[in-house]
*Asks:* 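If you scroll down you'll find the structure; I have some questions about it.
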Amino acid sequence: MDADERTGLPGLRTWSGVYLFVFGCFVLWVVLLLALTASYS
Amino acid sequence: MNVLDFAVLIGSMLAIAAYGTWHTRRQQTLRHYLKGDESVGWLTIGISVAATQASAITFISTPGQGYESGLDFVQNYFGMPLALILIAAVFLPIYRRLNVYTAYQYLGHRFDAKTRLLGAALFLVSRGLAAGITIYAPAIILSTVLGWRLDLTIILSGLLVIVYTVAGGSQAVSLTQKYQMAVIFGGMVAAFVILLMKLPASLGDALTVAGGFKKLEAVSLSTDLHRRYTFWTGLLGGFFLSLSYFGTDQSQVQRYLSGSSLRESRLGLMFNAVLKIPMQFFILLLGVMVFVFYQFEQPPLYFNQAAWRQAVRRDPGEHLQALEQRFDAIGAQKEQFIRRWLDAKHAGNRAAAAAARAQALAALDRSNAVRAQARAAVQAADPGAQSNDADYVFVTFILDHLPHGLIGLLIAAFFAAALQSKSAELNALGSTTTVDFYRHLLKREASDAHYVAASKWFTFFWGLVALAFALFANLVENLIQAVNIVGSVFYGVMLALFLVAFFLKRVGGTAVFWAALAAQTLVFVLYFSLSISYLWYNFIGCAACVLLSLILQAALGSNSPAAGA
């Protein structure tokens with residue numbers, strides 16, 4: 001694994017893992033926004 | 001604004017510009033000037049990418065959008081994280097492996113020289129035409145509100161950005177953007193905290209009022225095609241728009257290519273993929289809270305008060321003053337209904353709360369009807385006046401309700417936002433002109449110092465073009481829409497060039513070049529013959545270019561082999 005392939009992030013060793021984490025954050029934001037919409041509609 | 005505000009405004013602007021210019025004063029190589037010697041870390045890249053995208057309009061208009069329509073605009077950014085993942089995984093490694101200065105150099109590697117020049121020309125035309133608006137749009141709002149001369153506001157902010165962009169190049173842009181973003185978010189967070197402290201209701205009650213007035217509908221799963229912002233339009237439309245903007249627009253590509261390694265560039269993009277949605281949510285929520293604040297405090301009938309005063313002066317029958325009185329009376333009534341609604345909610349009386357809420361909603365409708373009449377009156381008094389006063393909501397709130405010092409900081413934040421997106425654009429226009437045209441076509445063998453000087457002159461040239469465009473912009477009708485149309489007309493074909501390059505390996509330069517020209521011609525013909533929304537041209541241009549490339553490559557066969565990627 002060359003230097004550029006290392007993410008240097010604790011718990012996220014591969015770039016696939018980083019992308020999955022970012023996608024998970026996106027899903028989390030949407031779910032939170034849906035919950036806000038449902039709570040105050 | 002008082003002396004303290006002006007001291008904060010001028011001091012922070014000059015300090016940031018001077019820091020960028022001084023810190024980068026010894027750049028001598030083209031690589032250093034255009035890429036900052038590729039020494040920039042992921043946090044600076046991340047902030048720089050965010051700052052380039054976020055113009056002054058983002059911080060002035062978005063709270064106004066939250067005030068008028070609530071949170072639903074946040075859906076516009078749903079496609080962005082997915083597009084950034086694709087760019088980080090596919091586009092970025094290729095750009096870095098080929099060690100390019102501009103995205104269009106990649107088209108030269110993958111296809112041929114003529115396709116490279118076509119991509120660069122599409123960028124220069126679309127971005128060059130749009131350049132003036134990033135100075136003009138905030139200047140017209142700030143000069144109106146502050147009572148400054150528009151031409152002087154444009155010239156002063158334009159010259160400041162030209163000086164440090166020309167002097168410092170890419171690294172100055174990244175460095176100054178970091179501090180400009182700090183000023184912007186420091187100001188926005190302070191405004192939010194003071195707004196919450198000034199609210200006569202608790203945060204829970206403020207959210208109840210906002211929700212009751214349908215301002216907290218952040219996500220809609222509706223499949224209604226006429227609805228502008230839904231989960232689906234945000235996901236699909238936002239994905240293609242972000243892919244085109246972040247993946248192929250040199251003003252963004254140049255930001256993340258300045259990273260010291262692939263890792264830094266990727267993490268910079270992922271920083272934006274994670275934080276863009278909450279950032280936009282926060283700015284919209286700020287606007288929603290301003291809306292709640294003005295339910296307890298009487299707002300002006302028309303937020304662009306300079307235009308309103310002019311309309312009142314031209315109203316001999318005092319019709320407009322009567323409108324103002326009616327608006328104030330409805331506002332007082334509405335406040336009573338809201339207080340009754342919150343009291344009933346606290347007492348647990350649901351029926352009374354629902355009844356008071358319905359009365360408050362009806363009062364809001366009446367109030368909006370009066371505002372529509374006011375808008376029509378302003379338009380009648382001055383047909384050239386901007387009809388949408390939502391852009392003035394946040395600035396009016398700042399000037400009327402925030403303490404001195406903080407007012408100066410917030411106005412500095414708006415100027416900082418105008419300067420940071422402008423500097424990235426000028427930097428990208430200068431480098432594309434130098435690398436893709438001047439060095440490629442006119443002067444192939446010259447010293448680095450020569451190319452740095454050329455790049456500075458081209459950046460200066462584009463700065464003057466932007467200034468001239470901004471100064472004469474008011475001569476053009478519907479300017480902002482015209483610039484958006486120009487962008488949509490060119491963006492689809494530009495994205496298609498890169499999608500074909502990345503994903504259709506058997507298509508060669510000749511096929512994609514003629515396909516792009518044919519698709520661009522098709523877009524022009526459709527634009528002048530159809531009356532569909534201009535946003536569709538992004539998709540039409542992209543789809544037509546991809547399809548025509550495949551057909552042409554099949555027709556040309558092996559006589560026109562694809563170049564190696």
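First the proteins, then the strands, lettered A, B, ... as listed; each starts at 1.
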*Asks:* Is there side-chain contact between B:M270 and A:Y19, with heavy atoms separated by less than 4.5 Å?
*Replies:*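 Touching, per the 4.5 Å side-chain cut-off.
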*Asks:* With a 6.0 Å cut-off (strictly less than), is the heavy-atom count around CZ of B:F192, excluding the residue itself, greater than 12?
*Replies:*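 More than 12 heavy atoms, drawn from other residues, nucleotides or ligands, come within 6.0 Å of this atom.
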*Asks:* Where does A:F23 contact chain B at under 4.5 Å (heavy atoms): side chain, backbone, both or neither?
*Replies:*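 Answer is both: backbone and side chain atoms of A:F23 are under 4.5 Å from chain B.
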*Asks:* Could you name the residues of residues 276-293 of chain B that have a heavy atom within less than 4.5 Å of a heavy atom in chain A?
*Replies:*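 Only B:I277, B:P278, B:F281 of residues 276-293 of chain B have a heavy atom under 4.5 Å from chain A.
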*Asks:* Could you check if a side-chain atom of B:I85 sits within less than 4.5 angstrom of a side-chain atom of A:V22, using non-hydrogen atoms only?
*Replies:*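 Yes, side chains in contact.
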*Asks:* Quick check: closest heavy atoms across B:F78 and A:F26, and the distance to 0.1 Å?
*Replies:*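 Result for this residue pair: O-CE1, 3.2 Å.
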*Asks:* What part of B:L235 gets closer than 4.5 Å to chain A, counting heavy atoms only: side chain, backbone, both or neither?
*Replies:*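 Side chain only.
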*Asks:* Identify the two heavy atoms, one from B:V274 and one from A:W29, that lie closest to each other, and give their separation to 0.1 Å.
*Replies:*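 Residues B:V274 and A:W29, closest heavy atoms: O-NE1, 2.9 Å.
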*Asks:* Of the non-hydrogen atoms in A:L33 and B:V219, which two are nearest, and what is the gap between them?
*Replies:*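 Between these two residues, the closest heavy atoms are CB-CG2, 3.5 Å.
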*Asks:* Please name the pair of heavy atoms, one in A:T7 and one in B:L267, separated by the smallest distance, quoted to 0.1 Å.
*Replies:*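 Heavy atoms only, the tightest pair is O-CD1, 4.0 Å.
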*Asks:* Check whether more than 12 heavy atoms from other residues, nucleotides or ligands sit under 6.0 Å from atom CZ of B:F240, and answer yes or no.
*Replies:*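 Check fails, neighbour count at 12 or below.
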*Asks:* Using non-hydrogen atoms and a 4.5 Å limit, figure out which bit of B:L82 sits close to chain A: side chain, backbone, both or neither.
*Replies:*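 B:L82 touches chain A through side-chain heavy atoms alone.
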*Asks:* Tell me, for B:A210 versus chain A, whether the close heavy atoms (under 4.5 Å) come from the side chain, the backbone, both or neither.
*Replies:*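 Contact with chain A: none, neither part.
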*Asks:* Tell me the closest heavy-atom pair linking B:R263 and A:R6, and the distance in Å.
*Replies:*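 Residues B:R263 and A:R6, closest heavy atoms: CD-O, 3.5 Å.
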